[in-house]
Colleague: 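The following block contains the structure, expressed as structure tokens.
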Amino acid sequence: MKVVIVGGVAGGATAAARIRRLDEKAQITVFERSGYISYANCGLPYYIGDVITDPEELTLQTPESFWERFRVDMKVRHEVTAIHPEKKTVTVRNLESGVIFEEAYDKLLLSPGARPTQPELPGTGMDRLFTLRTVEDTFRIHDFVEQNKPRSVILAGGGFIGLELAENFREKNMEVTIVQRPRQLMTPFDPEMAAFIHAKMRKKGVHLMLGHSVEGFREENGAVQVLLKGEEALSADMVILAIGVTPDTPLAREAGLKLGLKGSILVNDRMETSVPDIYAVGDAVEVRHFVTGEEALISLAGPANKQGRIAADNICGLDSHFPGSLGSSVIKLFDMTAASTGINERTAKKSGIDCDKIYLSPANHAGYYPGGRVMTMKVLFEKNSFRLLGAQIVGYEGVDKRIDVLATAIHAGMTVPQLKELDLAYAPPYSSAKDPVNMAGFLAENLSKGLLRQFFWDEIDSLPRDGSVTLLDTRTREEYDSGHVEGFLNIPVDELRERMGELEAGKPIYVICQSGLRSYLACRILTQNGFDCSNFSGGYRLYQTVMLDQAAAEQALPCGKDKTN
């Protein structure tokens, strides 16, 4: 059997190694148009920032090492320019010599990945404007920074690449501005959770220009002018386009393969395309979202690796299936960690799922052990069934392991109340006896049993202030005096039983505290004394973060300067 693979990196290289493990006699050839067949895509921003200093560390395998270990013929700097399904050949151009030839196959695997989205805007071809996809792109950016010592950079886009580059450029003491059309960074997160990310980026000196449309670029006096719709132009020494990726599928389209979202390659759960004996994997393919069952594009290394293995199994006569992707992800933002899995609230509503949510703010480990830090968790679930839909966490140590537990629970089909039953490892430096994931289960159980009613951050300002309801803040006097929501009276929870006479019977009571715990305790006290009580989910800490973020967004000007009256 002769297998030709178009593209290396995560999907193609994984498939090549798996095919060899399953079939020692297969003839395997990989054509990769870049100079690298297996490299650490996710590590590229950290080489630019000198966190990774040896360029060889970016290369996971070389053509020579792949041949020695797997006897796979890795041909770098070779571009497949056409596929001929009717005669089962591909046309290949050697980019070094210019020689063009045809290569036959029995099975063909496409792993072309996705390319940085480049809108048709004036000035996109200038020397000081970059995109980041390959090792070669990384070297170009790194060399430009080392040779020209730019003092400022504008990042068009606030996704994974944009934020990782922002951190690395700030570590090099460059002035960094992120500009993009969406009004929040990191779209896998809901706006209130993204507010914590915005706060961290601003604290670290990254200027955020959110809700602004880039209309083009021009070079002026050795700098790049970023032209904004209806706004004064921004100026920087260099610009990087990081507004997203687009499936790299001209080959598939020209060969007559069926396409899906944004021109992605349609595959079934065996990673087979619409043409016999042609498979496709990675960022170029449309997949099924594990939670919604809907078509999705999920450009992450984990799914690409799994798909490469599954395609290899089926090429070699096994029967493997891709169940869909959760889109689980994690990102380092200076000293902060942000992670998500499943779907967010926006996606749930768009998909017609009747959803509910809980927020909690637990510490990453036991409170009495030094160094504990608070994380903010949002857990999304389906109403009535309590089926776990997704989660978002922003914090510090321990965020990654909690999101992994929640991703596993979603894959297993668990409900949120069942999280309380998980037997998770505990020692004071690592967790609490009631892990944050268990706490999410306890909260959901209280909801399911009618022991808790909630209201949320986007409802608080619309609560009546006409005396028809009671608004109650159960924090300490010191906490209340340092900042509170207008209209809320202060009775600390530890004084509530003695001061209950100050509350008017028959009026609904809306209760807030710093994180949601003391207000929950207050609600339990009040409910058992005949009051109609609702707890503010997420606490004043969440509300304050969202309000400060909204205020900062309103005041933002180019280069992060504030408006003055």
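Worth saying up front: this structure is predicted, and the values here are computed from it rather than measured.
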Colleague: Where is the tightest heavy-atom contact between L185 and I197, given as atom of each residue plus distance?
Modeller: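 Scanning both residues, the minimum pair turns out to be CD1-CG2, 4.3 Å.
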
Colleague: Can any side-chain N or O of Q418 pair as donor or acceptor with the backbone N or O of L422 at less than 3.5 Å?
Modeller: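 Looks like no, no N/O pair under 3.5 Å.
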
Colleague: Would E167 and K204 pass as an ion pair if we require N to O under 4.0 Å?
Modeller: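 So E167 does not pair with K204 through a salt bridge.
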
Colleague: Checking T273 side chain against I278 main chain: does a donor-acceptor pair fall under 3.5 Å?
Modeller: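 Flag set: sc T273 to bb I278 pair under 3.5 Å.
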
Colleague: Do any N or O atoms from the side chain of T117 and from the backbone of I243 form a donor-acceptor pair under 3.5 angstrom?
Modeller: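 Between the backbone of I243 and the side chain of T117 there is no qualifying donor-acceptor contact (under 3.5 Å).
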
Colleague: Can you tell me if E219 uses its side chain to pair, donor with acceptor, with the backbone of D127 under 3.5 Å?
Modeller: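 Not a single qualifying donor-acceptor pair exists.
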
Colleague: Is it true that atom CG of D143 has more than 12 heavy atoms of other residues, nucleotides or ligands lying nearer than 6.0 Å?
Modeller: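 Atom CG in D143 is crowded, with more than 12 foreign heavy atoms closer than 6.0 Å.
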
Colleague: Under a 4.0 Å N-O cut-off, is there an ion pair linking K172 with D50?
Modeller: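 Judged by the 4.0 Å cut-off on N to carboxylate O distance, K172 and D50 do form a salt bridge.
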
Colleague: Taking side chain as C-beta onward, heavy atoms only, is R140 less than 4.5 Å from E136?
Modeller: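 They are in side-chain contact.
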
Colleague: State whether the number of non-hydrogen atoms from other residues, nucleotides or ligands found under 6.0 Å of R181 atom CZ is greater than 12.
Modeller: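 Count not over threshold, so no.
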
Colleague: Using a strict threshold of under 4.0 Å (side-chain N to carboxylate O), is an ion pair present between E345 and K349?
Modeller: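 Result for this pair is yes, salt bridge flagged.
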
Colleague: Are R115 and T246 close enough that a side-chain donor and a side-chain acceptor fall under 3.5 Å?
Modeller: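 No, T246 and R115 have no side-chain donor paired with an acceptor closer than 3.5 Å.
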
Colleague: Identify the heavy atoms of P436 and M377 that sit nearest to each other, and give their distance.
Modeller: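 Minimum heavy-atom separation between P436 and M377: CB-SD, 3.6 Å.
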
Colleague: Using atom types as modelled and distance alone, determine if a side-chain donor or acceptor of R170 lies under 3.5 Å from a backbone N or O of M174.
Modeller: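 At least one qualifying donor-acceptor pair exists.
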
Colleague: Thinking salt bridges, do K401 and D435 make one under a 4.0 Å N-O criterion?
Modeller: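 Here K401 does not pair with D435 in a salt bridge, since their nearest N and O are not under 4.0 Å apart.
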
Colleague: Is the closest side-chain heavy-atom distance between L132 and P45 below 4.5 Å?
Modeller: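 In short, these two side chains touch, coming nearer than 4.5 Å.
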
Colleague: For D248, is there an ion pair with R133 - N to carboxylate O distance below 4.0 angstrom?
Modeller: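 Here R133 pairs with D248 in a salt bridge, since their nearest N and O are under 4.0 Å apart.
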
Colleague: Does atom NE2 (H484) have a neighbourhood of more than 12 heavy atoms from anything else shown, all under 6.0 Å?
Modeller: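 Yes, enclosed.
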
Colleague: Looking only at heavy atoms, which two atoms of L388 and V416 are closest? And how far apart?
Modeller: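 What the structure gives for the nearest pair is CD1-CG2, 3.8 Å.
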
Colleague: On a heavy-atom basis, which atom in D283 and which in S299 lie closest, and how many Å separate them?
Modeller: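 What the structure gives for the nearest pair is OD1-CA, 3.3 Å.
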
Colleague: Look at the aromatic rings of Y543 and F536 and report parallel, tilted or perpendicular, splitting at 30° and 60°.
Modeller: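 The arrangement is perpendicular - the two ring planes meet at more than 60°.
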
Colleague: Can you give me the closest heavy-atom contact between R541 and S361, atom names plus distance?
Modeller: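 What the structure gives for the nearest pair is NH1-OG, 3.4 Å.
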
Colleague: Is there a donor-acceptor contact under 3.5 Å linking the side chains of H365 and E397?
Modeller: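 Result is no, nothing qualifies.
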
Colleague: Between the main-chain N or O of G308 and the side-chain N or O of K306, is there a donor-acceptor pair closer than 3.5 Å?
Modeller: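 Looks like no, no N/O pair under 3.5 Å.
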
Colleague: Check for me whether K200 meets the cation-pi criterion with F334, that is, NZ or CZ under 6.0 Å from the six-membered ring centre and within 45 degrees of the ring axis.
Modeller: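 The answer is no; the distance or angle limit is not met.
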
Colleague: Tell me if the NZ atom of K350 is crowded by more than 12 foreign heavy atoms within 6.0 Å.
Modeller: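 Not buried by this count: 12 neighbours or fewer within 6.0 Å.
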
Colleague: So, the side chain of E286 versus the backbone of L261: is there a donor-acceptor pair under 3.5 Å, distance only?
Modeller: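 The answer is yes, because a donor-acceptor pair under 3.5 Å joins these two groups.
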
Colleague: Answer yes or no: is there a donor N or O on one side and an acceptor on the other, between the side chain of N344 and the main chain of T187, under 3.5 Å?
Modeller: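 Judged by distance alone, yes, a pair lies under 3.5 Å.
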
Colleague: Are there more than 12 heavy atoms of other residues, nucleotides or ligands under 6.0 Å from atom OH of Y396?
Modeller: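 Yes, OH of Y396 has more than 12 neighbouring heavy atoms, counting only those of other groups under 6.0 Å.
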
Colleague: Could you tell me which non-hydrogen atom of L109 sits nearest to which non-hydrogen atom of A311, and how far apart they are?
Modeller: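 For L109 versus A311, the nearest heavy atoms are CD1-CB, 4.0 Å.
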
Colleague: For residues E192 and Y359, is any side-chain donor paired with an opposing acceptor at under 3.5 Å?
Modeller: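 Yes, because at least one side-chain N or O of E192 sits under 3.5 Å from a partner of the opposite role on Y359.
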
Colleague: D237 side chain to S152 main-chain N or O, any donor-acceptor pair under 3.5 Å?
Modeller: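 It does hold such a pair.
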
Colleague: Could you give me the CA-CA distance, side-chain angles and deciding distance for D269 and R288, then say whether side-chain contact (heavy atoms from CB on, under 4.5 Å) is met?
Modeller: CA-CA 9 Å; D269 63 358; R288 183 180 68 86; over 6 Å; no

Colleague: Looking at T14 and G11, would you say the former's side chain and the latter's main chain have a donor-acceptor pair under 3.5 Å?
Modeller: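 Between the backbone of G11 and the side chain of T14 there is no qualifying donor-acceptor contact (under 3.5 Å).
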
Colleague: Evaluate side-chain contact (heavy atoms from CB on, under 4.5 Å) for V267 paired with Q307, printing each intermediate quantity in order.
Modeller: CA-CA 11 Å; V267 293; Q307 293 161 14; over 6 Å; no

Colleague: Test side-chain contact (heavy atoms from CB on, under 4.5 Å) on L326 and V291 and set out the steps.
Modeller: CA-CA 7 Å; L326 281 173; V291 173; 3.6 Å; yes

Colleague: Can you tell me which residue among K383, E382, R387 is in a side chain to side chain donor-acceptor pair (under 3.5 Å) with S385?
Modeller: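 It is E382, the one option of K383, E382, R387 that forms the side chain to side chain donor-acceptor pair (under 3.5 Å) with S385.
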
Colleague: Any side-chain donor-acceptor pair under 3.5 Å between R402 and S431?
Modeller: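 Yes, side-chain donor-acceptor contact under 3.5 Å.
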
Colleague: Evaluate the side-chain contact (heavy atoms from CB on, under 4.5 Å) criterion for residues L542 and F196: first the C-alpha distance (whole Å), next the side-chain angles of each, then the deciding distance (0.1 Å), finally the verdict.
Modeller: CA-CA 9 Å; L542 172 66; F196 290 93; 3.6 Å; yes

Colleague: Taking everything shown except E220 itself, do over 12 heavy atoms lie less than 6.0 Å from its CD?
Modeller: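 Yes, enclosed.
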
Colleague: With a sphere of 6.0 Å drawn around CZ of F217, does it hold more than 12 non-hydrogen atoms of other residues, nucleotides or ligands?
Modeller: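 More than 12 within 6.0 Å, yes.
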
